[in-house]
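Quick notes on the structure that follows.
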Number of protein chains: 4
Amino acid sequence: MSQAPDPETGDRPVRRHDPDRAARIVEATVDVIAEHGVAGTTHRLIAAAADVPLGSLTYHFTGLDDLRAQAFALHAERMAVKYEAHFADAASLDDVVEAVTDLVHADADADDRDWAVAYELFLAALRDPALRTVTESWMRRSRGVLERFVDPTTSRGVDALVEGLVMHKVLSIRPVSRAETREIIARAVRPTTPQELPR
Amino acid sequence: MSQAPDPETGDRPVRRHDPDRAARIVEATVDVIAEHGVAGTTHRLIAAAADVPLGSLTYHFTGLDDLRAQAFALHAERMAVKYEAHFADAASLDDVVEAVTDLVHADADADDRDWAVAYELFLAALRDPALRTVTESWMRRSRGVLERFVDPTTSRGVDALVEGLVMHKVLSIRPVSRAETREIIARAVRPTTPQELPR
Amino acid sequence: MSQAPDPETGDRPVRRHDPDRAARIVEATVDVIAEHGVAGTTHRLIAAAADVPLGSLTYHFTGLDDLRAQAFALHAERMAVKYEAHFADAASLDDVVEAVTDLVHADADADDRDWAVAYELFLAALRDPALRTVTESWMRRSRGVLERFVDPTTSRGVDALVEGLVMHKVLSIRPVSRAETREIIARAVRPTTPQELPR
Amino acid sequence: MSQAPDPETGDRPVRRHDPDRAARIVEATVDVIAEHGVAGTTHRLIAAAADVPLGSLTYHFTGLDDLRAQAFALHAERMAVKYEAHFADAASLDDVVEAVTDLVHADADADDRDWAVAYELFLAALRDPALRTVTESWMRRSRGVLERFVDPTTSRGVDALVEGLVMHKVLSIRPVSRAETREIIARAVRPTTPQELPR
DNA sequence: AATGAATGAGTATTCATTCAT
DNA sequence: TATGAATGAATACTCATTCAT
């Protein structure tokens with residue numbers, strides 16, 4: 001609409017006046033990270049993915065670090081939103097167990113590609129503390145959702161479990177059964193009964 | 001003896017004849033990955049860390065990929081050995097809970113540095129299926145240890161939980177309490193009692 | 001004008017904005033091939049010959065192969081043009097014989113240096129079929145010129161003879177007489193009279 | 001025979017006492033040049049082709065240049081011998097025409113691979129005058145063979161023609177007809193009749 | 001006498017970033 | 001304001017040659 005092709009020549013809409021170009025570049029960066037990893041993310045690949053000239057990247061962003069940080073922030077925001085939406089209709093603990101199982105088995109909206117970007121973010125945050133604000137706020141939101149159903153400690157445990165299970169599932173050579181995943185989650189979600197622990 | 005450094009000058013012993021140089025290079029590679037990440041791992045850094053000339057790397061290894069793979073294999077082997085040793089004296093489920101908690105809180109031999117390399121491996125394996133044999137065999141050994149105490153499903157759950165909890169702990173801005181970690185693990189280790197799940 | 005070298009220091013005019021730099025690089029590549037052969041042609045030598053920074057080569061060309069191919073194409077084009085111009089005024093078969101003799105004895109514009117590049121091209125084309133389009137089109141043009149005077153079979157023979165004679169002349173330790181060359185060519189140019197072949 | 005495997009162990013004949021190892025290395029060098037060109041000829045490839053340890057090359061030869069020169073000398077010698085043998089039974093000029101045609105069309109023993117090495121030699125000799133003694137003596141022998149049938153000038157012309165025709169044939173995208181080649185050669189072999197040249 | 005580990009100079013190529021236009 | 005040509009530092013990797021064993 002706003003970026004209609006030039007009515008005079010008709011060919012090659014030179015894309016003058018391109019608002020939210022910056023936003024499009026950030027989205028393209030997420031895609032490139034998903035496909036090539038942080039290590040393989042270059043200005044050139046992003047420019048190609050966003051269909052913008054190379055110089056546009058350093059015009060709108062201070063550098064690759066800036067771009068990466070914004071891409072991760074966008075991704076974390078989207079993952080959190082999906083996460084929240086996913087539990088919107090949960091009423092019982094059974095619903096929660098089912099929802100978490102869906103999450104791990106990608107029946108939710110988040111697929112392997114999304115998780116790959118998430119792990120890229122975790123690893124990057126390990127080395128760059130500036131990214132911890134992104135991971136921290138994402139994790140807080142995830143736990144907040146779960147805390148509508150379970151106590152904070154359980155919430156933290158389930159959240160950690162999801163990340164570990166997804167990693168196992170993605171790295172596993174043989175498929176992991178949904179029933180087993182469900183069973184594992186069910187135990188973690190179960191309310192605290194510490195005296196049950198046998199010798 | 002015969003190739004002792006020149007006692008006169010003392011500088012640059014020229015280091016001809018250096019057996020298990022290849023092994024030392026692999027160890028240096030683990031160190032470099034720990035410090036700079038896979039993305040920051042270069043021939044130059046490894047050569048400097050191992051104190052060998054640059055050409056030595058491509059003489060002993062086919063390339064950086066080869067070197068990385070061998071470094072990861074070495075690291076996984078060492079982590080598995082530590083893991084196994086860590087549970088050697090465990091007798092009760094209480095011992096297991098304590099041992100797993102130690103694992104997460106780095107009271108075991110594995111410290112943050114070791115886990116950083118582990119996560120580098122996980123992420124690398126996500127993109128390079130050739131590395132899955134390393135992750136797979138490591139995970140199998142970890143679960144094998146736990147299966148001396150709990151059923152296979154529980155074992156898988158605990159293993160995943162450990163990875164998730166370490167990640168949370170490492171990425172967290174505020175420290176995570178050991179008591180909370182212990183509580184989470186205790187629930188996961190607890191034997192299966194599915195009927196307990198309330199509505 | 002605006003990018004004149006700094007009148008104060010005078011050194012390194014920084015050479016921003018350099019149109020047809022790519023063309024200059026290709027020409028420099030021909031020179032380097034002439035002087036060092038394909039085997040001795042490196043990015044560094046070409047960059048030095050063209051007086052451009054190293055990174056400029058891979059900015060404008062996909063790699064050394066690309067650069068070599070374009071250099072050979074340029075050279076073949078120039079050789080063909082010289083060849084054609086050389087026969088422009090030929091009217092009789094005698095003129096043709098003289099022109100061909102000139103060609104071999106470098107009285108034409110093509111000198112030993114040009115022929116060296118040509119032989120580099122031939123050898124490269126032997127191993128890289130992609131270069132055959134260059135050699136093929138050059139040879140077709142050469143024969144086209146000769147076919148204004150002689151039949152196609154004769155044309156092909158003369159063309160092959162020129163290449164062989166130049167090679168012999170260039171490789172010979174003792175000089176080859178122009179009269180002998182002329183005699184050899186005269187026989188090849190002579191019209192077809194197959195019945196003359198004696199027993 | 002002389003290099004029988006070690007009778008004690010039986011496995012891996014360590015090839016102690018290996019006379020004519022030097023000769024075998026030179027032959028391997030010819031093979032490597034044929035397959036990879038002079039530019040792609042390395043110590044490692046030669047050692048692998050000759051099945052000798054790397055250090056053996058610099059033990060028996062002063063360097064790669066030495067090795068190359070000896071390989072070219074061997075090849076030229078073999079080509080000359082083939083050439084001579086090829087004309088041994090020729091009695092008439094017709095036989096000569098046929099023999100030369102065979103030469104170009106590889107019906108003789110020399111195949112494309114042999115010619116590739118020959119052109120590698122020519123090009124190398126262009127840059128390294130030391131190799132001219134090899135090319136010169138080879139060409140002299142070729143012409144000597146032909147001079148049993150034709151005058152020296154014709155001989156030189158035919159020799160040059162063969163090289164040009166083989167080059168054309170090898171580089172041509174479409175096959176060159178044997179009949180056309182024969183026709184071209186027949187004219188070159190024909191005895192001198194200079195007055196025939198028409199205006 | 002023979003070898004293979006060792007090395008450093010050299011190779012092509014990539015790429016974040018700058019900046020004249 | 002926006003761009004794409006330009007650049008130099010850095011990368012992985014090759015290889016002839018040396019030399020301790």
Side-chain angles (χ1 to χ4, degrees), chain A residues 14-18 21 39-47 52-68, chain B residues 2-3 12 14-22 39-47 52-68, chain C residues 2-3 12 14-22 25 39-47 52-68, chain D residues 14-18 21 39-47 52-67:
Chain A
V14 191
R15 207 186 308 265
R16 297 263 158 193
H17 185 59
D18 180 9
R21 166 177 285 194
T41 297
T42 68
H43 273 139
R44 281 169 160 73
L45 280 175
I46 297 168
V52 298
L54 190 57
S56 196
L57 302 199
T58 45
Y59 180 75
H60 290 286
F61 304 88
T62 66
L64 210 46
D65 287 344
D66 180 21
L67 212 28
R68 258 197 304 256
Chain B
S2 62
Q3 68 268 27
R12 275 207 290 164
V14 187
R15 203 195 305 267
R16 289 288 175 144
H17 185 58
D18 177 8
D20 38 75
R21 167 178 286 199
T41 298
T42 68
H43 273 140
R44 279 168 158 75
L45 281 174
I46 297 168
V52 297
L54 208 49
S56 198
L57 302 200
T58 44
Y59 176 77
H60 288 286
F61 304 89
T62 65
L64 212 45
D65 287 345
D66 181 21
L67 211 30
R68 258 197 304 254
Chain C
S2 63
Q3 68 267 29
R12 274 208 290 165
V14 187
R15 205 195 303 266
R16 290 288 174 142
H17 186 57
D18 179 7
D20 39 75
R21 167 179 285 198
I25 292 172
T41 298
T42 68
H43 272 139
R44 280 169 158 74
L45 281 173
I46 297 168
V52 297
L54 206 48
S56 197
L57 301 200
T58 44
Y59 176 77
H60 288 285
F61 304 89
T62 65
L64 211 46
D65 287 345
D66 180 22
L67 211 30
R68 259 196 303 254
Chain D
V14 190
R15 208 186 306 266
R16 298 262 155 195
H17 186 58
D18 179 8
R21 166 178 285 196
T41 297
T42 69
H43 273 139
R44 280 168 161 73
L45 280 175
I46 296 168
V52 298
L54 190 56
S56 196
L57 301 200
T58 45
Y59 179 76
H60 289 286
F61 303 87
T62 66
L64 210 46
D65 287 344
D66 180 22
L67 211 29

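This structure is a prediction, so every number in the text was calculated from the model and none was measured. Naming: A, B, ... by sequence-line order, numbering from 1 per chain.
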Exercise. Can a side chain N or O of D:His60 be found less than 4.0 Å away from OP1 or OP2 on E:dA1?
Worked result: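 The answer is no; no side-chain N or O of D:His60 sits under 4.0 Å from OP1 or OP2.
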Exercise. Phosphate oxygens OP1/OP2 of E:dA2: is one of them under 4.0 Å from a side-chain N or O of D:Ser56?
Worked result: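 No, no such contact exists.
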Exercise. Among all residues two or more places apart in sequence or in another chain, which pass the side chain to side chain contact (heavy atoms under 4.5 Å, CB included) test with C:Thr58?
Worked result: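 With sequence neighbours excluded, C:Thr58 shows a side chain to side chain contact (heavy atoms under 4.5 Å, CB included) to C:His43, given in chain and number order.
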Problem set entry | side chain to side chain contact (heavy atoms under 4.5 Å, CB included) partners for B:Ala39, two or more places apart | A:Ala39
Problem set entry | Nearest listed nucleotide, side chain of A:Arg21, among E:dT7, E:dT3, F:dA2 |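 So the nucleotide nearest the side chain must be F:dA2.
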Please report the distance, rounded to the nearest Å, between [atom1] in [X] and [atom2] in [N].
X       : N      : atom1 : atom2 : value
D:Leu57 : F:dC19 : CG    : C1'   : 16 Å
B:Phe61 : E:dA5  : CZ    : P     : 13 Å
A:Ile46 : E:dC15 : CD1   : P     : 11 Å
C:Ile25 : F:dA5  : CD1   : P     : 12 Å

What protein N or O atoms touch nucleotides 9-12 of chain F N or O atoms at under 3.5 angstrom, if any, and at what distances?
residue : atom : partner : partner atom : Å
F:dA12  : OP2  : B:His43 : N            : 3.1

Seminar exercise, completed: Dot-bracket assigned to DNA chain E with the 3.5 Å Watson-Crick/G-U criterion, [ ] for crossing and | for other-strand pairs, is .||||||||||||||||||||
Exercise. What distance do C:Leu57 atom CG and C:Ile46 atom CD1 have between them, rounded to the nearest 0.5 Å?
Worked result: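 If we round to the nearest 0.5 Å, C:Leu57:CG and C:Ile46:CD1 are 6.0 Å apart.
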Exercise. Could you state the interatomic distance from CG (B:Leu67) to NE2 (B:His60), rounded to the nearest 0.5 Å?
Worked result: 11.0 Å
Problem set entry | Residue mapping more 5' on DNA chain E - nearest nucleotide basis, C:Thr62 or B:Pro53 |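 With B:Pro53 and C:Thr62 compared, the 5'-side residue is B:Pro53.
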Exercise. In terms of the nearest nucleotide of DNA chain E, which residue is placed more toward the 5' end: A:Asp65 or C:Tyr59?
Worked result: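 The residue mapped nearer the 5' terminus is C:Tyr59.
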Seminar exercise, completed: All heavy atoms of A:Thr41 vs all of A:Leu64, minimum pair found to be O-CD2, 3.7 Å
Problem set entry | Partners passing side-chain hydrogen bond (donor to acceptor under 3.5 Å, both in side chains) against B:Ser56 (at least two apart in sequence or in another chain) |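 B:Ser56 satisfies side-chain hydrogen bond (donor to acceptor under 3.5 Å, both in side chains) with B:Arg21 only.
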For this session: Only pairs at least two apart or in different chains count here, so list each salt bridge (Lys or Arg N to Asp or Glu O under 4.0 Å) that has a residue in residues 54-66 of chain D.
Result: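 Passing the test, one end in residues 54-66 of chain D: D:Asp65-D:Arg68.
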